Engineer: 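Have a look at this one.
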Amino acid sequence: MTDPLPVAFYDRPVVDVAQDLLGCVVRHGATAGRIVETEAYHQSEPACHAYVGLTPRTRVLFGTPGRAYVYRSYGIHALLNAVCEPEGEGAAVLIRALEPIEGVDLMRERRGLVRKRDLCSGPGKLTQALGIELELNDAPLDGPISFHPRPPGDPPPSVACERIGITRAVELPWRFCALGSEHLSRPIPPS
DNA sequence: CATGGGATTGACT
DNA sequence: GTCAATCCCATGC
C-alpha cells in the first residue's frame with residue numbers, strides 16, 4: 001500500500017479537497033474502500049457544524065487538517081469526515097460512499113448483508129462496514145484510519161451536484177460523485 | 001436543567 | 001411513499 005496522503009493535501013480549500021479525494025482509498029484495519037462520493041462543508045455556510053463557531057463539538061473541525069472528524073448522526077450512525085483548511089478555519093469533507101476493495105467478507109459480517117453495492121453506499125453504512133466509531137474522532141488520517149492517494153493517471157470522471165440530507169445552504173453544488181459508480185449513496189440527479 | 005433538532009438507515013404500507 | 005430509532009450537543013430559561 002502506498003504512503004498516506006500528506007497533511008498538506010488537506011491544508012487547502014475544502015471544495016478542492018472534496019473533489020480530489022474521489023478515487024482515493026480509505027483504510028481501517030483489514031477493510032478498505034475507494035472513495036466514490038464526498039461532500040464539502042465550510043464554516044462560512046450554515047449547513048456546516050462549524051457555522052456556530054468554536055464549541056466542544058466543533059473543536060476538531062477548527063483544529064489541524066488531516067484528521068478525522070467523527071460524530072453521531074440521528075443517535076445511531078457515526079459519520080466520517082476529513083478535516084481541511086488551515087488550523088483555525090472550520091471545514092471538512094464528508095465521506096459519503098466507498099467502493100469496497102478489501103475485507104469485503106468482514107464488511108458483510110458487520111453489515112449483516114450480502115450485496116456488495118449495499119456495504120458502503122452511504123455515510124453511515126461505510127463507517128459500520130469499516131468499524132469506525134466515535135473514539136476515532138480527532139485521529140490523524142495516517143494512523144488507524146488512513147487515506148491513500150488514488151492510482152497514477154487521469155482523475156476519475158466526476159460531477160458536482162447539490163448536497164444530500166441538509167436543510168440549509170442546499171443550493172451549493174458541493175457534492176462530488178464518481179461518474180458511473182454502482183456504489184453511490186443516491187443517484188446523481190438529472191441536470 | 002429541559003428541550004429540540006439533526007450531514008441516516010431500514011422496515012413497512 | 002411514510003416513519004421510528006436514538007444520542008450528542010447547542011441553545012435558552
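In what follows, every chain begins at residue 1, and chains take the letters A, B, ... in the order their sequences are listed. Just so you know, these numbers come straight off a predicted model, no measurement behind them.
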Engineer: Please compare A:Q128 and A:V93 by the position of their nearest nucleotide in DNA chain B and report the one closer to 5'.
Structural biologist: A:V93
Engineer: Using a heavy-atom cut-off of 4.0 Å across all strands, would you classify A:R111 as base, sugar-phosphate, or nothing?
Structural biologist: sugar-phosphate
Engineer: Could you give the NE2-to-P distance, from A:H49 to C:dT11, as a whole number of Å?
Structural biologist: 12 Å
Engineer: Decide if atom CZ of A:R110 counts as having more than 12 heavy atoms of other residues, nucleotides or ligands within a radius under 6.0 Å.
Structural biologist: yes
Engineer: B:dA7 phosphate, OP1 or OP2: any side-chain N/O from A:R175 under 4.0 angstrom?
Structural biologist: no
Engineer: Check the distance between B:dT9's C1' and A:L94's CG and give it to me in whole angstrom.
Structural biologist: 14 Å
Engineer: Between the protein and nucleotides 8-10 of chain C, are there any N/O to N/O pairs under 3.5 Å, and if so, what are the atom names and distances?
Structural biologist:
from	atom 1	to	atom 2	distance (Å)
C:dA10	OP1	A:T55	OG1	2.7
C:dA10	OP1	A:R57	N	3.1

Engineer: Okay, side chain of A:T127, backbone of A:A78: is any donor-acceptor separation there less than 3.5 Å?
Structural biologist: yes
Engineer: In whole angstrom, what separates A:L126's CG from B:dA7's C1'?
Structural biologist: 12 Å
Engineer: Could you point out which residue of A:H183, A:R186, A:R175 forms a side chain to side chain donor-acceptor pair (under 3.5 Å) with A:E37?
Structural biologist: A:R175
Engineer: Cation-pi check, A:R96 to A:F176: give yes when NZ or CZ is under 6.0 Å from the six-membered ring centre and within 45° of the ring axis, no otherwise.
Structural biologist: no
Engineer: Taking the minimum atom-to-atom distance to the side chain of A:I76, which one of C:dT6, B:dG10, B:dA7 wins?
Structural biologist: C:dT6
Engineer: Which residue pairs pass the side chain to side chain donor-acceptor pair (under 3.5 Å) test when at least one of the two sits in residues 56-65 of chain A, sequence neighbours left out?
Structural biologist: A:T55-A:T58, A:T64-A:R67
Engineer: Rounded to whole Å, please give me the gap between CG in A:D118 and C1' in B:dT8.
Structural biologist: 15 Å
Engineer: Is there a donor-acceptor contact under 3.5 Å from the side chain of A:S121 to the main chain of A:S185?
Structural biologist: no
Engineer: Would you kindly give the CD1-to-P distance between A:I164 and B:dG6, to the nearest whole Å?
Structural biologist: 17 Å
Engineer: Just the rounded figure in Å: distance from P of B:dA11 to CG of A:L113.
Structural biologist: 8 Å
Engineer: Taking the six-membered ring for Trp and the full ring for Phe, Tyr or His, determine whether the centres of A:H49 and A:Y71 are under 6.0 Å apart.
Structural biologist: yes
Engineer: Rounded to whole Å, please give me the gap between CD in A:E133 and P in B:dT8.
Structural biologist: 16 Å
Engineer: From B:dG6, B:dG10, B:dT9, pick the nucleotide closest to the side chain of A:H77?
Structural biologist: B:dT9
Engineer: Determine yes or no for a side-chain-to-main-chain donor-acceptor pair under 3.5 angstrom, with A:N81 supplying the side chain and A:Y69 the backbone.
Structural biologist: yes
Engineer: Tell me whether A:Y41 and B:dA7 count as stacked here, given that the ring centres must be under 5.5 Å apart and the planes must differ by less than 30 degrees.
Structural biologist: yes
Engineer: What is the distance, rounded to the nearest whole Å, between atom OH of A:Y71 and atom P of B:dG5?
Structural biologist: 17 Å
Engineer: According to a strict under-4.0 Å criterion, is A:R96 in side-chain N/O contact with OP1 or OP2 of B:dT8?
Structural biologist: yes
Engineer: Give me the stems containing DNA chain B, sorted by first residue, counting only three or more consecutive Watson-Crick or G-U pairs with both distances under 3.5 Å; say none if there aren't any.
Structural biologist: B:1-6 with C:7-12, B:8-12 with C:1-5
Engineer: Pair A:E102, A:R27 - check salt bridge (Lys or Arg N to Asp or Glu O under 4.0 Å), show working.
Structural biologist: CA-CA 9 Å; A:E102 195 174 311; A:R27 167 175 298 281; 3.0 Å; yes
Engineer: Any chance you could measure A:I188, atom CD1, to A:C161, atom SG, to the nearest 0.5 Å?
Structural biologist: 6.0 Å
Engineer: Here's a test of your reading of the structure: between A:S121 and A:G75, which maps to the more 5' nucleotide of DNA chain B?
Structural biologist: A:G75
